[in-house]
Every structure is written in C-alpha cells, then in structure tokens.
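Along the sequence shown, the residues carry numbers beginning at 1. Everything numeric in this text was worked out from a predicted model, so none of it was measured.
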Amino acid sequence: MDLEVRHLRTVATVASLGSITKAAAALGIAQPALSAQLSRIDRALGGPVFVRDHRGVRPTPLGMLVLDRASTLLPAVDALLQDARRVASGDPAPTLRVTSAGSALAGRFVARLARGGATPPTLRAAGECCRAADELSAGAHDVVLAGMCGDALPPGTPGVHWRLVGTDAVHVLVRDDHTCGDEADLAELAGERWVKGAGDSCFAACFLRACARAGFAPPTPSECDRATGLELVRAGAAVALAQPFGALPPGVRPVALRGAPLTWSTWLGVHDDAPEGLRTRLLAAARDARRDELAGLAARRRDGSETAAGRDARPAV
C-alpha cells in the first residue's frame, strides 16, 4: 500500500484525540475499520505508528516522525487545494497568507498591506522560524515575517528568498516606577529577574554573554508569551527583554540599553517564485511598518519623560 494524504490525516486525528474510538467518530468510520487502516499504515511505514494501553494511544518514535512531517505537508496540501479551487473559479485576487515567527511587527505589517482598500491578509503565528520557512517552501503560505537575534541568520531553506527588514537595539521593559532612567547600562539591572520570548534562536546565549561582559551572571531568564511577560513586568516581578515594537500597557515603560549590547533583526521571507512586484510591495510594507513602530516608540519615550518630570515635580503626600 502506498501512503496517501488521507492516511496522514488519519494519523493526525488519532494523535490529537488520543483514542481510536473518538478518532473513528470524528472521521465518520467504524472503529474496526479505523483499526484495520492503522494496521495497513503500520505495514506501509515498516513499523507501528502508535502504542495502545489503558490510557489510550500514544505515538511511537516513528509516529512522532510521521506527525512532524504531516504538520508541514498537510497545510501545504490544503493550500494547494484552496489555490486550485480559486484558480479554477477565476478569482483574480487571492488573499495573502502571512505567517509571523517571533516578530512583534506582524500586526503593523498586515495593517500596512490592507491599506487603500486591499484585501486584508490572513495572519497566523508560528513557533519556530525553521518550521515556518519549511511551510513557506511547501506553499502553505505566501510570506514569513521572522524576528531573530541580531547575531543569527534566517534558515537556508531551499526555495525561500530572504530580505533584511532592519536590525534594532533590544530594549528592556520595566515597571513605570522603576528606579532606573530611560537609558541604562546593562549592569544597572544586574539584580533583576529577567523574562524573554520563547524560541528566540541564539538570543538567550547572546544575552548571557552580554551580561558576562557587563560583569555579572543573571538568573536564567524565564520564557513566556508577550502578554504574560508584560503582566510580570507590570507586577514588578521581572524586567523583560523586548523588541522595540508594539504598544505597551499602562504601568510599563521601555529602557534603552547604552551601547546596544543586544540587537534584534526582522527578516522577510518569500518563495523564490514570487513575482518581483509582490516582493517589492511586501518589503516596502515591512520597512514602513518598522519605521512606524520606531517612530511610535520615540513618541512614547517623549511622553514618558514628560510624565515622569511632572510626577517628580509633585510634592510627596
């Protein structure tokens, strides 16, 4: 038996539900038929995809390999079917599919692309740049906006063309009443608990090296999503390493690090076959989004300085 797309969907469904009975119901087939199909899949692959016990079914190492490849192949097949139906129906204006991997510029980028009455792109988040690049190469989406440590380069995925949007100094987010000024040496924050985004390529190692050069060894940084990190900062439980993009909630302000010991790069990835006009439009939108965000950061810093000056001028209660 040759392995088919439907077999990959079957394996993915069983894995997500953890039960042959539940998967059979979701797939609309009888349980014995599903068990027989899984046995045929095992024979085609040369080994069992799942182990079964009193807790249900769990992927074997072979099953984990199949699921990892299926997570790239199935979105690509779905994209192929969607695009084929669009072309067959004569639709001349497909919706751009944007994937963000570690970039806080994505919202501003999508808004830029939707200006002038253009169809707003769809946006999804990817946990890893390498996975997003593989999916882009396979046709699962049209463009990747990737953020990564300034010392890193995007993956050399065949079929993917990368352009640098820009490299910027990383800043630190602190609670509004933190004692440091709007600019500080990294060593001034030596006693803090740190938090950073997850999956930031070599950024954690670069941060630890920067701290060593500044003369201290920090605790291992916590990793979390942006919303959780901002809550920790606002509660005074941590300071956050952050890209210089994105609005900040009340009670949180940015601090520039003197000498820019840490940097963050934004890269734009498109397929090699993308028309030159589309590449130019996407790169211009990404660079405009970056410019807008940096201008907003400068404005927030000015407003914060004015607010701080006013607060310091008030007498203590």
Side-chain angles (χ1 to χ4, degrees), residues 75 95-115 120-137 140-157 160-173 195-204 206-207 221 223-230 233 240-249 252 254 260 262-271 274 278-298 300:
T95 300
L96 274 172
R97 298 162 300 170
V98 176
T99 290
S100 171
S103 175
L105 272 180
R108 180 82 70 171
F109 175 59
V110 167
R112 272 276 174 182
L113 291 172
R115 284 190 173 186
T122 59
L123 176 64
R124 62 179 287 269
E128 299 177 0
C129 183
C130 290
R131 172 64 59 81
D134 288 342
E135 293 175 353
L136 174 62
S137 178
H141 35 255
D142 303 303
V143 56
V144 172
L145 193 67
M148 60 192 67
C149 180
D151 290 346
L153 291 174
T157 307
V160 176
H161 177 81
W162 293 99
R163 291 292 300 274
L164 179 65
V165 177
T167 299
D168 302 287
V170 169
H171 63 220
V172 179
L173 302 181
V195 63
K196 59 178 281 294
D200 293 341
S201 60
C202 62
F203 184 70
C206 291
F207 167 66
E223 292 190 350
C224 61
D225 59 86
R226 179 177 173 84
T228 302
L230 289 173
V233 173
L241 295 157
Q243 304 170 48
F245 313 125
L248 299 178
V252 176
L262 297 163
T263 57
W264 190 261
S265 292
T266 304
W267 292 84
L268 183 83
V270 296
H271 201 280
L278 176 61
R279 291 188 191 186
T280 300
R281 176 190 168 211
L282 292 171
L283 185 59
R287 288 178 172 170
D288 286 345
R290 172 175 172 264
R291 182 198 64 210
D292 293 346
E293 285 286 349
L294 292 175
L297 174 64
R300 289 195 295 273

Any side-chain heavy-atom pair of W162 and L153 under 4.5 Å: no
Pairwise distance CG(L96) to CG(L113) - rounded to 0.5 angstrom: 6.5 Å
S100 side, atom OG; R124 side, atom CZ - distance, nearest 0.5 Å: 10.0 Å
Backbone of K196 reached by a side-chain donor or acceptor of E223 within 3.5 Å: no
Trace of the side-chain contact (heavy atoms from CB on, under 4.5 Å) decision for L105 with L145: CA-CA 8 Å; L105 272 180; L145 193 67; 3.9 Å; yes
Considering all heavy atoms, the nearest A146-C129 contact: CB-SG, 3.7 Å
Minimum-distance pair of heavy atoms, taken over all atoms of C224 and V195: SG-CG2, 3.3 Å
Close side-chain approach of P121 to R97, heavy-atom, < 4.5 Å: no
Beyond-backbone contact of D142 with V98, side-chain heavy atoms, under 4.5 angstrom: no
Exercise: identify the closest heavy-atom pair between H271 and L136: CD2-O, 3.5 Å
Option from D168, T167, V170 for which side-chain contact (heavy atoms from CB on, under 4.5 Å) with T263 holds: T167
P244 and P254, any side-chain heavy atoms less than 4.5 Å apart: no
Residues D134, R131: salt bridge by 4.0 Å N-O rule: no
Verdict with supporting geometry, V144 and L268, side-chain contact (heavy atoms from CB on, under 4.5 Å): CA-CA 6 Å; V144 172; L268 183 83; over 6 Å; no
Under the side chain to side chain donor-acceptor pair (under 3.5 Å) test, residues paired with T228 that sit two or more places apart: D225
Minimum-distance pair of heavy atoms, taken over all atoms of T157 and A133: OG1-CB, 3.3 Å
Aromatic ring proximity F245/W264, centre distance under 6.0 Å: no
Contacts of type salt bridge (charged side-chain N to carboxylate O under 4.0 Å, His left out), residue R108, not counting sequence neighbours: E293
Nearest-0.5 Å distance that lies between atom CD in Q243 and atom OG in S103: 5.5 Å
L173 side chain near H171 side chain, heavy-atom distance below 4.5 Å: yes
Min side-chain heavy-atom separation R112-D292 under 4.5 Å: yes
F109 side chain reached by L282 side chain, heavy atoms, under 4.5 Å: yes
Gap between atom CG of D151 and atom SG of C206 - 0.5 Å precision: 4.0 Å
L164 to R287 - nearest heavy-atom pair and separation: O-NH2, 2.8 Å
Sub-4.5 Å side-chain heavy-atom contact between H141 and E135: yes
Full working for side-chain contact (heavy atoms from CB on, under 4.5 Å) between F203 and L241: CA-CA 10 Å; F203 184 70; L241 295 157; 3.9 Å; yes
